[in-house]
Amino acid sequence: MSVQSSSGIDEVDKTDHPSRSDGFVRGAAELIGGPLGDHAVGIDRPAGRESRFWTASRIVLALVCLTLALHWVQKSPCQDGAWQNNVQYTRFCYTDVLALYYAEGLNEGKVPYRDHPVEYPVVTGYFMGALGLPVHSLGETRPELNQGMWFYNLNALVLSALAVATVAVILSLRRRRPWDAALFALSPALVVTATVNWDLLAIGFAAFGLYAWARRRPAAAGILLGIAGAAKMWPLFILGPILVLAVRANKLRAALTALATAAATVVLVNLPVALPYRENWDRFFELNTTRPIDWGTLWYIGRYLDGKINIFGEPGSQGPFQWLDGHVDPTLNYLSYALFGLACLGVAALAWLAPRRPRVAQLAFLVVAAFLIFSKVWSQQFNLWLLPLIVLARPKWGAFLAWQFAEVCYFVAFYGELLGAGTGKPVFPEGVFVLAATLRLTTVVILCVLVIREILHPAQDAVRATYSDDPDGGVLDGAPDAPWLVRRRSAAVPDGTAAVPA
């Protein structure tokens, strides 16, 4: 049987079975009888007249619903808002969603930005108001209503729907690899951080944007990524890899269309707030400029090590990270931006010099990961940003589970720090928290190294073992390299062997 790729090329239908293709899953499958046999009927590929309801895609969608239900149960001790005796920390159930319903004045009917400065980009602020203000209005007529609980559960419902939609997008982009989406659906990080904040709002729109790009709708992709970027800034970084790869493939028109519509979208959604309420709108940028080194970041780890290792050998002397801690604005800010910029240049160089054009998801993961690695803020729920990108970039279970283990260790250590700060009595030695943060940082760096290795050695890319090129690439999928690049490589190797097809 043959199918047609998004580039219009007929290909042999190759549905992936992880028990055969993934080393980790193949080894684990030995515990239950071994990999799928040659004559077995996969539940995602019924034979003959056999018809099954529980296809692979439906199983994965059911799994993500189960994961989100477990998350809701895990957060349930905090839903009534009666956070006495630090229950939000001892039960690991703290969530900004409930806390900020009161902190942002939504419980008093305050309109975000108009009546109160909001620390988030405007789409997140709009979302908070769209759900919070009706809850407040309802609470005014029904005093017995627990407004905070209603607000949290309404948010949890919408954010969970966006998480399910994200899994549906991954399934649509990986029709021949439906089990890849199980990485997202069964993620322990999703269990513990799904509704800590509104990050799934940006993730959902970013997923829709990637889907639109993959379906060769660059204008729609730009609009959706623009909306996502106006909820949390990181989805805008995806446009950089798209532009770089478009240069290599000589498909600039589509990339520039996506960039232009994204920029226009960001401007249009910000204007209704930025013009009349400039000072309140500017709170997000002010906070990001003045915010000190946050827990668990590279800079936090370095500051801790400075305190343990006096590299100058003089009593009272400061190490470099300790010095930066006292010079956040502007020195650390500029350094963080510079390191992220250098990482982006490195990713661009990798895209142009790789033997085969990298896939969009591979570069997008590297860029967003670099932002987190060098940022002075790495909140507990930011791991969700990387989740759909690593699933699309490198759908292999071994390293993914190592990263997830590190995230859970950090989650536990982080709540120990919160409880210690709340009670004044340390739960863990500081070194334990720093170790957990280092483990998280190290596993993300390892994932980056593995993605880079597969870019440099495309034969190791699991996705390209199933698809001929890039199922997320849209107009880039199956496109040859730009003539200038082919000529340059042909000139480097006179017999033309360097001109590797895209």
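Below, each value reflects all heavy atoms present in this structure, side chains not excepted, and no hydrogens, waters or symmetry copies.
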Original post:
So among Y410, F414, W378, which one has a ring pair (Phe, Tyr, Trp, His ring centres under 6.0 Å) with W295?
Top reply: F414
Original post:
Is the ring centre of F151 less than 6.0 Å from the ring centre of Y101?
Top reply: yes
Original post:
Should E454 and K396 count as an ion pair when the cut-off is N to O under 4.0 Å?
Top reply: yes
Original post:
How about L372 and V444: do any of their side-chain heavy atoms sit closer than 4.5 Å?
Top reply: no
**OP:** Take W72 and N153, measure what side chain to side chain donor-acceptor pair (under 3.5 Å) needs, and give me the verdict at the end.
**Re:** CA-CA 9 Å; W72 183 85; N153 283 306; 2.7 Å; yes
Original post:
Between S76 and Q79, is any pair of side-chain heavy atoms under 4.5 Å apart?
Top reply: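 In short, these two side chains touch, coming nearer than 4.5 Å.
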**OP:** Applying side chain to side chain donor-acceptor pair (under 3.5 Å), run through N288 and K376 and close with a yes or a no.
**Re:** CA-CA 9 Å; N288 279 275; K376 65 178 183 179; over 6 Å; no
Subject >> ring pair (Phe, Tyr, Trp, His ring centres under 6.0 Å) evaluation trace for F371 with F340 >> reply: CA-CA 6 Å; F371 177 76; F340 175 56; 5.4 Å; yes
**OP:** Let me know which of D469, D461, D470 forms a salt bridge (charged side-chain N to carboxylate O under 4.0 Å, His left out) with R357.
**Re:**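 Of D469, D461, D470, salt bridge (charged side-chain N to carboxylate O under 4.0 Å, His left out) with R357 is met by D469 alone.
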Original post:
Is the W403-F400 ring centre distance short of 6.0 angstrom?
Top reply: yes
Subject >> R177 versus T466, side-chain donor and acceptor atoms under 3.5 Å >> reply: yes
Original post:
Charged N to carboxylate O below 4.0 Å: is that the case for R174 and D472?
Top reply: yes
**OP:** May I ask you to check whether over 12 heavy atoms, not counting those of W150, lie within 6.0 Å of atom CH2?
**Re:** no
Original post:
Any chance the rings of W83 and Y94 have centres within less than 6.0 Å?
Top reply: yes
**OP:** Count the heavy atoms of every other residue, nucleotide or ligand shown that sit under 6.0 Å from CZ of F405, and state whether that count exceeds 12.
**Re:**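 Open.
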**OP:** Return yes if a side-chain donor-acceptor contact under 3.5 Å exists between D477 and Y467, otherwise no.
**Re:**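 Y467 and D477 do not have a side-chain donor-acceptor pair below 3.5 Å.
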Subject >> Candidate pair T195 and Y152, rule side chain to side chain donor-acceptor pair (under 3.5 Å), full reasoning >> reply: CA-CA 9 Å; T195 61; Y152 170 77; 2.7 Å; yes
Subject >> Parallel, tilted or perpendicular: ring planes of Y126 versus Y113, cut at 30 and 60 degrees >> reply: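 Y126 and Y113: perpendicular rings.
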Original post:
Do you know which of T257, V247, L259 makes side-chain contact (heavy atoms from CB on, under 4.5 Å) with L252?
Top reply: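 Exactly one option meets the side-chain contact (heavy atoms from CB on, under 4.5 Å) with L252, and it is V247.
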